[in-house]
Amino acid sequence: MFPYEKVEKVPYGGDYNPEQWSKEVWEEDMRLLREAYIDIVTLNVFSWAALQPNETTYDFSRLDEIMELVTKNGMKVCMATSTGAHPAWMAKKYPDILRVDFEGRRRKFGGRHNSCPNSPTYQKYSVALTRKLAERYKDYDNIIAWHISNEFGGECYCENCERAFRVWLQKKYKTVDALNRAWDTAFWGHTFYGWDEIVAPDMRSEHFDEERTCFQGISLDYRRFMSDSILDCYVREQAAVKEVLPDAAVTTNLMGFYKPLDYFQWAREMDFVAWDNYPSNDDGYTRIAMCHDLMRGIGGGAPFALMEQTPSVTNWLPYNALKRPGVMRLWSYQAMAHGADTVMFFQMRRSIGACEKYHGAVIDHAGSNQARVYREVAALGKELAALGKQTLGMRTKSQIALLFDWDNWWGIEYSAGPSENLRCLDEFARFYEALRGMNYNVDIVSPDMALDAYRLVVAPVCYMVKGSDDARIRAFVKNGGTFVTTFFSGIVEEHDLVVPGGYPGKLRDILGIWVEEEDALPAGAENSFVYRGKTYPATLLCDLLHLEGAQQIDEGGYGSDFYAGMPVVTKNEFGAGRAYYLATASNEAFYRAFLANLCAEQGIEPVLKTPAGVEAASREGEGGRLLYVLNHNDEAAVISLPKPMRDLVSGETYPAGDHAIAPKDVRIFQQA
Ligand code: GLA
Ligand code: ZN
């Protein structure tokens, strides 16, 4: 759980690395940060080499001073464990800590996030350091959370990992026979007779390149194993903190749709979810919202921490575009609208050296409180201080769930067909962005989570149907739910083995169709179909399907090619509910029209109807309902309020009817 008992307002601050500059500057840092209403700092993210100069010596003197400094200045602390980058001496002495990359090269010392998760050295010394930190700082009440390592990720193909993989497989499959069946090793004569014949699937073994593999089953299991191995590193350190501080709130900073780690598994272990929001220059607001909603979804709907965002530029993008005036504030409130209960930055002061010296910071190289970015940070700090507790702890209520699953993501993109242009997130985003663009609250849930709270469940490209997922969907529809899925669904079970007997496999009865063939269209090529009187493009993949109880609800099927006339959009009445199938991919106008119709039929209302580019999202709790309205446009927009509403930010009450919101401006309307 997020440590609500230790906060009185939205914690506001972020990464502070004073060990990177001289002490003369520290008091000035504190003055400037306090003046900007900063009240939380994340400390000690990359200090392992300083804290442990050699195998037997630990030196906490500088961290002690930093803790004194920030505590004296009334700051709360998110205490990191520093294990995101190992010391050079350790790599020299114990090369097992160095990762082996996908090409089979053992890395040398360098970079960060660079330790092998199955290295005995890493396991021993990361936990030892974490325990020492917990012991040393356990009496500081202002430490409100512990931050394990930093942005866990990547992968390793070393011999320790390979050995651990075999153990993981043995636990999962029990017998080599079962493993042979799961991986379909009769193909290309891969039958294994002993666990020690199995090697890690990399460029030296099963792979043509990162995504193309001879054996999807092996590569998938390696991904699962690697996600578990790295999660074990988190769990070990978390346990070390809790040995000393059983009630500590422990987390780590996740990265949104980060493919290598199955965050649904991760969130189960974390006390609360935290994540770093660094959109690309061309991400629209609905794409950013999608990441926030995933981060809320993995935690089962619980609020999360916005652990990092840049106050201005992100230095590692192809070009460092400035966040325009008002955008940092707007995106901070957007995070809150989707479930964030902190607003935090990377970083407090710009370093003068190395690869992040041009990354945005609250205090820039000039050190001036007159800089635009600083003034914007301070202004938002003042607003958050005035908001106090009012926004904390509230939950999003949604009648719509989008199913997302890492296994499915991995499976689709390892799949060896039907199209190299089929990207799991692109297909997912078509549905999410259409719904969010119309201001429907959306929950993102894993297929093994409960569905009964929802009226509409959408599973874009539900390629891999695992275990009893189909039973859960079947029960949901039978009980009156509306289910939507698309082409390339129900094809395989959890080992990526095709479910024989016709596509879409275990979803076939629910959908009332048989998909006989699937045609992949080259980029730019289009077929067409008509839905409710309008013609839409059919792109990417076109299923050739037969009705088995479902009805065709497009008008006249595909417009051209040898399968002209075959159904594109189908609906199957099933129990008390209905299941829709979309046999192809289309454009935004189609997804909006289709989903808006389903929502209207099911009585699902958008949070508020607004002009394009004005987002509305809501959260609810004991203090009532908060309606966030965010104008992402460069121009003012007019919204229409159904009744008078008080805005928590300005304190003003707006009468029912039309009123204008300035570009990038925000309202948080409180409703009883
Ligand atoms: C990540 C890291 C930070 C910093 C920022 C820069 O989120 O966690 O340490 O490198 O990126 O964008
Ligand atoms: Zn390894």
Side-chain angles (χ1 to χ4, degrees), residues 14-17 19-20 41-48 78 80-86 91 94-107 111-123 126 147-168 199-202 222 225-230 232-233 251-256 258 260 274-281 291 295 305-318 320-321 323 328 344-351 353-362:
D15 283 45
Y16 178 51
N17 307 306
E19 65 279 4
Q20 296 177 13
V41 284
T42 300
L43 296 179
N44 198 43
V45 183
F46 292 108
S47 305
W48 195 349
C78 174
T81 61
S82 268
T83 53
H86 51 238
Y94 298 108
D96 70 280
I97 203 169
L98 295 163
R99 287 184 179 182
V100 169
D101 69 15
F102 189 61
E103 315 282 334
R105 292 171 300 206
R106 182 160 306 269
R107 309 294 306 177
R112 63 171 179 173
H113 305 155
N114 47 5
S115 310
C116 163
N118 290 298
S119 148
T121 307
Y122 184 68
Q123 294 179 359
S126 59
H147 174 304
I148 306 297
S149 187
N150 190 69
E151 292 191 337
F152 278 106
E155 64 246 319
C156 181
Y157 296 88
C158 77
E159 289 184 355
N160 280 324
C161 285
E162 198 165 72
R163 271 195 291 273
F165 182 43
R166 293 176 191 140
V167 173
W168 185 93
V199 298
D202 61 17
Y222 202 76
F225 156 73
M226 216 7 91
S227 178
D228 285 358
S229 293
I230 300 177
D232 284 346
C233 297
T251 190
T252 185
N253 45 347
L254 307 180
M255 294 176 278
Y258 180 66
W275 90 284
D276 299 346
N277 180 28
Y278 292 102
S280 298
N281 288 320
C291 300
M295 295 293 96
L306 175 62
M307 187 62 90
E308 293 182 25
Q309 63 172 342
T310 177
S312 54
V313 297
T314 302
N315 80 292
W316 43 263
L317 289 171
N320 302 355
K323 275 187 182 167
M328 181 279 293
M344 294 166 71
F345 301 104
F346 182 87
Q347 55 193 330
M348 294 298 101
R349 182 186 276 276
R350 260 184 173 175
S351 62
C355 67
E356 289 180 347
K357 59 181 171 301
Y358 304 125
H359 197 284
V362 175

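What you are looking at is a predicted structure, and each value in this text was computed from that prediction instead of being measured. Atoms within a ligand are numbered from 1 in the order they appear, just like the ligands themselves. In what follows, residues are counted from 1 in the order of the sequence shown. Scope of the values below: all heavy atoms of this structure, side chains included, with no hydrogens, waters or symmetry mates.
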Inter-residue atom distance Ser312.OG - Phe345.CZ, 0.5 Å rounding: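 Reported to 0.5 Å precision, the distance equals 9.5 Å.
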Under 3.5 Å: donor-acceptor pair, side chain of [X], backbone of [Y]:
X: Tyr122; Y: Thr83; result: yes
X: Arg349; Y: Ala361; result: no
X: His147; Y: Ser149; result: yes
X: Gln347; Y: Val362; result: no

Atoms of the protein (N/O/S only) found under 2.8 Å from the Zn ion (ligand 2): Cys116 SG, Cys156 SG, Cys158 SG, Cys161 SG
Phe346 ring center near His359 ring center (under 6.0 Å): yes
Trp168 and Phe225 aromatic ring geometry - parallel, tilted or perpendicular at 30°/60° bounds: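 Rings of Phe225 and Trp168: perpendicular, as their planes differ by over 60°.
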Within the 4.0 Å heavy-atom sphere of ligand 1, strictly under, residues: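 For ligand 1, the residues that come within the 4.0 Å heavy-atom cutoff are Phe46, Arg112, Asn150, Glu151, Asn253, Asp276, Tyr278, Glu308, Trp316, Phe346, Glu356, His359.
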Pair Tyr157, Glu103: side-chain N/O donor-acceptor within cut-off below 3.5 Å: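 Tyr157 vs Glu103: no donor-acceptor pair found between side chains.
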Side-chain touch Pro117/Met226, heavy atoms, less than 4.5 angstrom: yes
